[in-house]
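Structure first, then comments.
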Amino acid sequence: VSEVPDLNSGNGGFRLVAESSSPVLFDPNTKDGRLRLGLDTNETTKLPDDTKIFTFRTRPGEDASCLNLFQATVPTLLGATKSFVERGGFRFANTPGEKPWDRLDEALPPVKVGDTELPSIPVIGDMNTLQFSLKKGIGDHILFPDDDAPTHALQVVGMLDGSVFQGVLLMSDANLLKVSPESSGARYFLIETRDSNSASQAAKAMETALQSYGVDTDLVSQRLADFLAVQNTYLSTFQMLGGLGLLVGTLGLAAVMIRNVLERRTEIAMLRAFGFRTTRIMWLIFAENTLLLIWGLTAGALSALVAMAPHLLGTGADVPWIELGITLAAVLAVGTFASMIPVWNAVRISVRDVLVTA
């Protein structure tokens with residue numbers, strides 16, 4: 001995970017993320033707000049110059065990130081302020097429009113659930129949270145606060161790709177007050193700083209001055225690394241199982257080829273009797289088996305590409321083409337080598353013995 005902030009990446013150009021156990025009622029970007037919060041009162045609580053803090057009103061819910069092994073229904077909701085929406089940033093997946101954040105302010109038609117029409121609220125979430133935890137996509141609805149007695153329908157209008165917002169849903173701050181009027185103050189913060197040293201100073205100042213609010217800060221890069229570590233564990237497990245299946249399939253392929261060559265000993269002996277040289281016979285069988293292997297690998301690879309095409313085109317996934325190519329080449333080499341061993345043994349047997357036995 002890159003530690004360099006980038007506006008159009010998963011970190012959105014932020015270095016720090018902070019959360020508090022109690023709502024913060026004052027704006028840490030204003031002089032009066034910092035005074036009330038105890039910021040900038042001394043060297044320990046002084047925020048570096050050019051520090052910008054974006055606050056999010058929060059309605060607590062279930063953790064829908066990959067860190068939660070259980071399926072969530074309604075995750076934590078964050079209210080994005082107008083300044084955050086205007087700032088933009090982050091990388092989106094399969095989301096139409098040049099300014100996806102502006103979709104949080106769209107007026108959507110009501111949704112009919114049973115005999116009741118529910119007001120629809122636009123929300124944006126991380127792709128992993130929506131697809132794998134909530135089983136939702138763009139255009140789908142999430143009933144709030146639950147499926148039994150819903151009061152609002154949260155409609156997914158955008159998906160973030162590998163962002164720090166994994167496990168939560170974002171809506172406009174005004175809409176959050178509609179669905180959860182009791183939510184007051186901010187409990188989620190994203191912090192822009194000039195460099196890594198400023199980030200360390202800002203983290204120390206926030207945790208010291210806002211200790212009574214239970215503020216805990218973390219590097220955005222570290223938060224993303226934690227998410228990726230869990231995802232990579234899942235991927236490694238599936239890769240190991242896939243590798244085991246590939247190994248078993250390759251051994252089975254080798255066994256079939258060995259049996260095929262052994263059953264054709266008479267044919268090989270006839271070719272030798274007609275004057276074919278040993279190298280010529282081995283080359284014929286090599287070319288035949290290699291052609292079949294190439295056709296099989298090509299068909300399998302094309303089928304996999306067709307199945308993965310929506311994901312590859314929609315999110316710009318980073319595919320390990322070199323590793324995949326090496327794997328396919330290894331399967332081709334093992335299958336070809338497996339067929340050459342019995343051929344070598346077959347051509348060493350006396351032609352007379354093979355034909356008499358046949």
Side-chain angles (χ1 to χ4, degrees), residues 10-14 16-29 52-68 72-92 95 100-106 108 120-130 133-134 136 138 141-145 152-192 206 210 213-218 220 223-224 226-227:
N11 59 45
F14 296 99
L16 293 174
V17 56
E19 296 182 64
S20 66
S21 55
S22 300
V24 176
L25 303 176
F26 308 106
D27 186 358
N29 293 303
K52 179 68 174 178
I53 302 175
F54 289 86
T55 61
F56 297 82
R57 197 185 305 270
T58 305
R59 193 272 184 184
E62 302 173 19
D63 181 11
S65 71
C66 59
L67 302 178
N68 182 14
T73 54
V74 179
T76 296
L77 303 178
L78 299 183
T81 60
K82 201 162 190 64
S83 60
F84 177 81
V85 172
E86 293 174 351
R87 175 188 181 275
F90 291 92
R91 183 173 60 241
F92 283 80
T95 303
W101 287 112
D102 290 343
R103 305 198 67 187
L104 292 181
D105 295 321
E106 288 182 354
L108 301 177
S120 186
I121 304 294
V123 296
I124 291 176
D126 187 82
M127 180 178 63
N128 292 328
T129 297
L130 292 169
S133 182
L134 301 177
K136 302 293 183 180
I138 292 182
H141 293 86
I142 303 169
L143 299 182
F144 177 87
H152 294 80
L154 310 182
Q155 181 175 336
V156 179
V157 296
M159 291 195 301
L160 297 163
D161 183 13
S163 74
V164 70
F165 289 117
Q166 187 176 148
V168 301
L169 291 178
L170 292 104
M171 61 177 62
S172 69
D173 189 64
N175 284 331
L176 182 59
L177 285 176
K178 292 180 182 179
V179 302
S180 180
E182 71 279 5
S183 298
S184 61
R187 296 175 59 179
Y188 191 95
F189 311 87
L190 286 176
I191 305 168
E192 280 183 332
M206 290 281 291
L210 305 182
Y213 292 93
V215 170
D216 183 32
T217 61
D218 194 9
V220 171
R223 181 72 62 90
L224 290 172
D226 292 340
F227 290 146

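Along the sequence shown, the residues carry numbers beginning at 1.
Between Gln166 and Thr129, the closest side-chain pair of non-hydrogen atoms falls below 4.5 Å. Side-chain contact between Ile124 and Val157 is present, with at least one heavy-atom pair separated by less than 4.5 Å.
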Could you walk me through whether Arg223 and Val220 pass the side chain to side chain contact (heavy atoms under 4.5 Å, CB included) test, one step at a time? CA-CA 5 Å; Arg223 181 72 62 90; Val220 171; 5.5 Å; no

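Using bins of under 30°, 30° to 60° and over 60° for the plane-to-plane angle, the ring pair Phe84/Phe90 lands in the tilted bin.
For the pairing with Leu169, the side-chain contact (heavy atoms from CB on, under 4.5 Å) check across Leu78, Asp126, Ile142, Val74 returns one residue only, Ile142. No option in Phe14, Phe56, Phe54 other than Phe56 meets the ring-ring contact (aromatic ring centres under 6.0 Å, His included) test with Tyr188.
A donor-acceptor contact shorter than 3.5 Å links the side chain of Thr76 to the backbone of Gly61. Looking only at distances, no side-chain donor or acceptor of Thr58 sits under 3.5 Å from a matching main-chain atom of Pro60. A donor-acceptor contact shorter than 3.5 Å is absent between the side chain of Asp218 and the backbone of Val17. Looking only at distances, no side-chain donor or acceptor of Ser20 sits under 3.5 Å from a matching main-chain atom of Val215. Under a 3.5 Å cut-off, the side chain of Thr95 and the backbone N or O of Met159 do form a donor-acceptor pair.
Taking the ring centre of Phe92 as origin, the terminal cationic atom of Arg103 falls outside the region bounded by 6.0 Å and 45° from the ring axis.
To the nearest 0.5 Å, atom CG of residue Leu104 and atom CG of residue Asp173 are 11.0 Å apart.
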